[in-house]
Amino acid sequence: MRTPYLVERTTRAGGSTVATAGSRPVRQAMLPSTAAVLKELMTDVVVNGTGAKAAIPGAVVGGKTGTAQHGVGNAGTPYAWFISWAQGEGETVPGVAVAVVVEDAAADRADITGGGWRRRSRGR
């Protein structure tokens with residue numbers, strides 16, 4: 001984890017850099033062994049679980065689906081959310097990460113999930 005900063009760099013009028021924000025990690029977010037397990041679990045969500053719609057041919061994709069309560073006493077329509085990352089074949093680290101939140105979904109409350117939603121037949 002890196003220290004947050006407001007100014008990335010200070011430059012002279014001619015464009016040369018005077019100072020930059022620190023790029024040194026301040027602390028470690030998690031152990032590498034924990035990160036490896038998390039990566040495996042998130043990959044399994046896309047390969048075998050609720051995040052299957054995020055699969056990309058030729059890429060390793062990991063994700064986590066979910067729903068979040070909304071409103072006083074959870075009276076509002078729940079939010080669906082999905083976080084994901086994708087890594088190209090032969091790449092050592094993911095090249096992209098995505099977070100999506102869907103508010104006010106036009107679906108029945110019971111059908112709202114982070115992995116997508118389905119319309120129920122209403123006898124039509």
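Being a predicted model, the structure only gives us computed values, none of them experimental.
At a threshold of 4.5 Å between side-chain heavy atoms, the hydrophobic network of Ile, Leu, Val, Met, Phe, Trp and Tyr places Val46 and Ile56 in one connected group. Note: the hydrophobic cluster containing Val101 also contains Met42 (ILVMFWY, side chain heavy atoms under 4.5 Å, direct or indirect links). Val61 and Val100 are members of different hydrophobic clusters when ILVMFWY side chains are connected at heavy-atom separations under 4.5 Å.
Summarising the geometry, atom CG belonging to Leu31 is positioned 12.5 Å from atom CG belonging to Leu38; distances are rounded to the nearest 0.5 Å. For the atom pair OG1 (Thr77) and CD (Gln69), the distance works out to 13.0 Å, reported to the nearest 0.5 Å. Of the inter-residue distances, the one linking Trp81 atom CH2 with Thr65 atom OG1 reads 7.0 Å to the nearest 0.5 angstrom.
In terms of heavy atoms, Tyr79 sits closest to Glu103 at CE2-CG, 3.4 Å. Minimum heavy-atom separation, Arg12 to Val18: CG-CG2, 3.5 Å.
Taking a 4.5 Å side-chain heavy-atom cut-off between Ile, Leu, Val, Met, Phe, Trp and Tyr, the cluster of Met1 contains only that residue. Listed by chain and number, the hydrophobic cluster partners of Leu41 are Val37, where partners are ILVMFWY side chains within reach of under 4.5 Å, directly or through others.
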Go through Thr10 and Thr17 one step at a time and tell me if the side-chain contact (heavy atoms from CB on, under 4.5 Å) criterion holds.
CA-CA 6 Å; Thr10 306; Thr17 300; over 6 Å; no
Take Thr43 and Val60, measure what side-chain contact (heavy atoms from CB on, under 4.5 Å) needs, and give me the verdict at the end.
CA-CA 7 Å; Thr43 302; Val60 177; 4.1 Å; yes
Return a table of donor-acceptor pairs under 3.5 angstrom between the side chains of residues 83-91 and protein atoms on other chains or two or more places apart.
unit_1, atom_1, unit_2, atom_2, d
Ser84, OG, Gly62, O, 2.9
Gln87, OE1, Lys39, NZ, 3.0
Gln87, NE2, Glu91, O, 2.8

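No donor-acceptor pair closer than 3.5 Å links the side chain of His70 to the backbone N or O of Gly76. At distances below 3.5 Å, not a single donor-acceptor pair connects side-chain atoms of Asp44 with backbone N or O atoms of Glu40.
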